[in-house]
Structure formats: structure tokens, C-alpha cells
Amino acid sequence: MAKSKKRRDKKRPSKQGQQAAPSAKDQEVRIRSFDRIPLWGWILIFLLPLIASEFMFYRMGRWPSVIIFPLAWIGFWAAMMHRSGWRILKKRKDE
């Protein structure tokens, strides 16, 4: 039989209604994480799954999926880029 796990006391935040604001250091780390991948890498990350899925749906004859998946894929990436503040594209303009 397995030994039972010991429970740890969870620390409760002093002010439950407030969240800590992100510091400047956290924002710099996020910006640097986008810098690790060049623009052509982001384009490949976007296009390769899209092309592979379209080919798969086409070969299997799933015509509704051939039409719906690109719309969902583009919508997903637009939402992610909007949430990140379009940092992937903005850093190229600053350089």
C-alpha cells in the first residue's frame, strides 16, 4: 500500500479581493520570451498546423471542417495576439 501524502498548510493572501500588479521585471521577462522566436518562427508555428489540418480534412472528405477550422484557427491566434498586446509584431516595428 502507498503511504498517504502529508498535507501542507496553504498560505492565504492577506487581501483576498486584490491581486498583485505585475512588476516591471515580470513584463520584461514576458517581452523577452517573445524575442526568443524570430518572426519566421511564429509564421511557421501558425502555418504548419493549419496546412497539416487542412490536408488531413481534405483527404478524409470532411468539407465542413475544411471551411470551419481555418476560421477557428485564425480567431484563436487573433485572440491570443490581442491578449498579448500584439507584442510579436510590435517588437519588429521598434527595431
Side-chain angles (χ1 to χ4, degrees):
M1 290 188 8
K3 295 181 181 179
S4 62
K5 295 182 179 179
K6 294 180 182 178
R7 292 186 174 213
R8 297 184 207 166
D9 293 333
K10 294 182 180 178
K11 295 181 181 178
R12 296 184 184 196
S14 59
K15 297 179 182 177
Q16 293 178 356
Q18 296 179 352
Q19 294 180 352
S23 65
K25 184 179 179 182
D26 292 338
Q27 290 177 351
E28 287 178 21
V29 170
R30 288 182 190 156
I31 292 170
R32 281 191 236 141
S33 66
F34 288 115
D35 289 338
R36 290 183 193 169
I37 302 174
L39 183 59
W40 61 266
W42 286 110
I43 292 170
L44 286 177
I45 290 171
F46 175 79
L47 285 179
L48 290 178
L50 179 65
I51 292 168
S53 298
E54 286 296 298
F55 178 71
M56 177 188 64
F57 289 138
Y58 172 75
R59 294 279 295 161
M60 294 292 116
R62 305 283 183 160
W63 292 105
S65 296
V66 170
I67 297 167
I68 294 171
F69 181 76
L71 299 175
W73 187 247
I74 292 168
F76 166 77
W77 276 94
M80 291 298 108
M81 298 265 296
H82 180 70
R83 285 186 63 189
S84 71
W86 301 92
R87 293 192 192 268
I88 295 170
L89 300 176
K90 281 185 179 178
K91 71 175 185 138
R92 273 42 179 211
K93 292 178 184 177
D94 294 341
E95 290 179 4

In terms of hydrophobic clusters joined by side-chain contacts under 4.5 Å, are Ile51 and Ile43 together?
-> yes
With sequence neighbours excluded, tell me which residues meet side-chain contact (heavy atoms from CB on, under 4.5 Å) with Ile67.
-> none
Hydrophobic cluster membership, Ile74 vs Leu89, 4.5 Å side-chain cutoff | yes
Residue set satisfying side-chain contact (heavy atoms from CB on, under 4.5 Å) with Pro70, at least two apart, ordered chain then number -> Leu50, Glu54
Which of these, Trp40, Trp42, Phe46, sits in a side-chain contact (heavy atoms from CB on, under 4.5 Å) with Leu44?
-> Trp40
Hey, what's the ring geometry for Trp77 with Trp73, parallel, tilted or perpendicular (30° and 60° as the breaks)?
-> perpendicular
Is the CE atom of Met80 crowded by more than 12 outside heavy atoms at less than 6.0 Å?
-> yes
Joint hydrophobic cluster, Phe76 plus Ile68, side-chain heavy atoms closer than 4.5 Å | no
Locate the shortest heavy-atom distance separating Val66 from Phe57; write the atom from each residue and the value.
-> CG2-CB, 3.6 Å
